[in-house]
Amino acid sequence: MTVGTSRTSFRRIGALFLMGVVALAGCGGSGTPRPTDPRQILTNAIAATASLATLRLHAEIAANAGAALGQGNAVMRAAIDADVDLATRQFAARVTTQTPANLSGNGVAQQQVSDTIVTRDATFNRNGQTGRWTKFPTGNGGGLSGGPTNAQIATMITSLLSDPSQTFELKESASCTLGTCDHVIAHIDGPSLARALGGLLGAPLDASTGLTIPNLDVDVLVDQSTSVISELRTGFTMTGTSLQILVTISNPGQPVQIAPPPPALTDDLGANFGGGGFVGGGFATPMPIGPEESMILEQVGNELESSMPAEPEPSIP
């Protein structure tokens with residue numbers, strides 16, 4: 001595997017992960033009291049989180065491609081901070097990526113910060129060197145309109161959690177970003193998850209596609225007073241890369257402002273190229289976007305970011 005291939009794999013895995021996070025918060029609501037069964041705690045937590053109009057999401061991904069590249073230090077890191085409007089599927093996000101010297105291409109460790117805003121009808125990427133924004137019209141409703149609907153995601157997750165092949169443990173309650181939380185560990189069966197995701201995306205996820213989904217242990221903290229998910233951790237190895245993932249939620253239901261940047265600072269790719277083709281964001285070589293790809297995948301693939309300051313959050317060890 002080449003370094004370039006490793007970077008692409010890291011971006012794609014990160015994109016799939018963030019899509020899964022949005023999916024987790026994209027299900028229907030529930031008004032039942034807080035149960036003591038861990039399976040039901042998670043089912044209710046997904047519903048309660050989905051009922052929020054807005055939230056702030058912090059995510060950290062540490063991807064070690066050392067096994068694939070034959071190198072000891074091959075850990076790439078990404079920190080994502082996003083204000084998310086769940087109802088309209090809009091967000092403003094900031095992604096900070098760190099690449100070690102042996103993977104940077106020039107022998108120097110690199111850190112890159114990029115900003116992205118996704119509105120109802122366009123995506124905006126900020127060039128960190130010039131400060132200017134590039135506008136790419138998304139069309140067909142904009143925002144995160146591409147891909148599965150919230151209802152489809154709800155059906156998939158509810159079905160997956162009810163599958164007897166998934167098992168759950170209820171641990172001692174713990175403090176969390178939202179207060180005091182129930183602590184649940186979900187043991188997710190990889191083949192079952194692959195079938196569920198494959199059905200949702202309309203494409204198989206198995207060995208024939210090179211995307212075999214491993215079994216996952218997902219450590220979840222659920223706020224006892226609201227049933228909103230506060231924190232989620234997991235780790236796995238996929239396509240030769242070992243990943244550690246942390247997600248935390250804060251400011252549930254608090255107002256967010258997601259708006260296009262000033263027109264005077266914006267270059268409209270739709271006007272220049274007829275609405276298709278490339279996304280900016282500070283990269284020397286623009287990356288083409290396939291017409292069937294979800295915009296969320298491409299934005300994380302281009303190492304997204306938003307202009308809000310990141311709040312202190314627990315970090316991956």
Side-chain angles (χ1 to χ4, degrees), residues 14-15 17-27 29-30 34 41-62 77-98 113-119 143-144 150 153 157 171-186 218-235 244-259 296 299-300 303-317:
F17 161 68
L18 188 54
M19 182 179 179
V21 170
V22 173
L24 186 67
C27 314
S30 170
R34 185 175 63 87
I41 288 173
L42 288 189
T43 300
N44 288 1
I46 292 170
T49 305
S51 70
L52 298 171
T54 60
L55 56 83
R56 173 166 289 182
L57 181 146
H58 172 80
E60 298 176 18
I61 307 173
R77 299 180 182 274
I80 305 168
D81 290 278
D83 279 344
V84 182
D85 185 324
L86 294 176
T88 63
R89 306 185 83 175
Q90 301 179 102
F91 69 84
R94 166 165 289 173
V95 171
T96 303
T97 59
Q98 295 177 330
V113 177
S114 57
D115 298 320
T116 290
I117 300 171
V118 173
T119 66
L144 299 180
N150 286 354
I153 294 168
I157 295 180
K171 301 292 187 179
E172 294 292 329
S173 60
S175 61
C176 59
T177 59
L178 299 181
T180 300
C181 281
D182 289 327
H183 184 187
V184 176
I185 299 178
V218 185
D219 196 314
V220 187
L221 295 179
V222 178
D223 180 37
Q224 291 183 348
S225 63
T226 63
S227 289
V228 170
I229 295 171
S230 172
E231 181 177 312
L232 178 153
R233 293 175 182 263
T234 191
Q244 295 293 321
I245 296 168
L246 164 70
V247 179
T248 60
I249 288 174
S250 61
N251 293 0
Q254 296 299 308
V256 298
Q257 293 185 346
I258 302 172
I296 182 63
Q299 298 323 305
V300 177
E303 302 169 345
L304 309 180
E305 306 182 54
S306 102
S307 56
M308 93 283 291
E311 295 184 349
E313 298 284 359
S315 60
I316 296 175

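What you are looking at is a predicted structure, and each value in this text was computed from that prediction instead of being measured. For the numbers below, each heavy atom of this structure counts, side chains included, while hydrogens, waters and symmetry mates do not. Here, residue 1 is the first one in the sequence, and each next residue gets the next number.
Annotation for Ala78 and Thr97: closest pair CB-CG2, 4.1 Å, computed over non-hydrogen atoms. Annotation for Ala186 and Leu42: closest pair CB-CD1, 3.8 Å, computed over non-hydrogen atoms. Listed here is the closest heavy atom pair of Leu178 and Pro252: CD2-CD, 3.8 Å. The nearest pair of heavy atoms linking Ala174 to Leu221 is CB-CD2, 4.4 Å. Residue Ser227 comes nearest to Ala48 through the heavy atom pair O-CB, 3.5 Å, listed as atom of the first residue, atom of the second, then distance.
Residues Val218 and Leu232 are in side-chain contact: their nearest non-hydrogen atoms beyond the backbone lie under 4.5 Å apart. Within the 4.5 Å cutoff, the side chain of Asp83 has heavy atoms near those of the Arg56 side chain. Using a 4.5 Å cut-off on side-chain heavy atoms (C-beta onward), Leu57 and Val247 make contact. Annotation: side chain of Ile117 is in contact with side chain of Ile258 (closest heavy-atom distance under 4.5 Å).
Checking side-chain atoms of Thr49 against main-chain N and O of Ile229 turns up a donor-acceptor pair under 3.5 Å. Between the side chain of Thr54 and the backbone N or O of Gln254 there is at least one donor-acceptor pair closer than 3.5 Å.
With rounding to the nearest 0.5 Å, the separation of OG1 in Thr248 from CD in Glu231 is 6.5 Å. The SG atom of Cys181 lies 7.0 Å from the CD atom of Gln224; values are rounded to the nearest 0.5 Å. Here the CG-CD1 distance, from Asp219 to Ile245, works out to 13.0 Å after rounding to the nearest 0.5 Å. In this structure, NE2 in His58 is found 12.5 Å from CD1 in Ile249, a value given to the nearest 0.5 Å.
In this structure Thr226 satisfies the side-chain hydrogen bond (donor to acceptor under 3.5 Å, both in side chains) test together with Asp223, sequence neighbours excluded.
The salt bridge (charged side-chain N to carboxylate O under 4.0 Å, His left out) analysis of residues 171-180, with sequence neighbours excluded, yields the pairs Glu169-Lys171.
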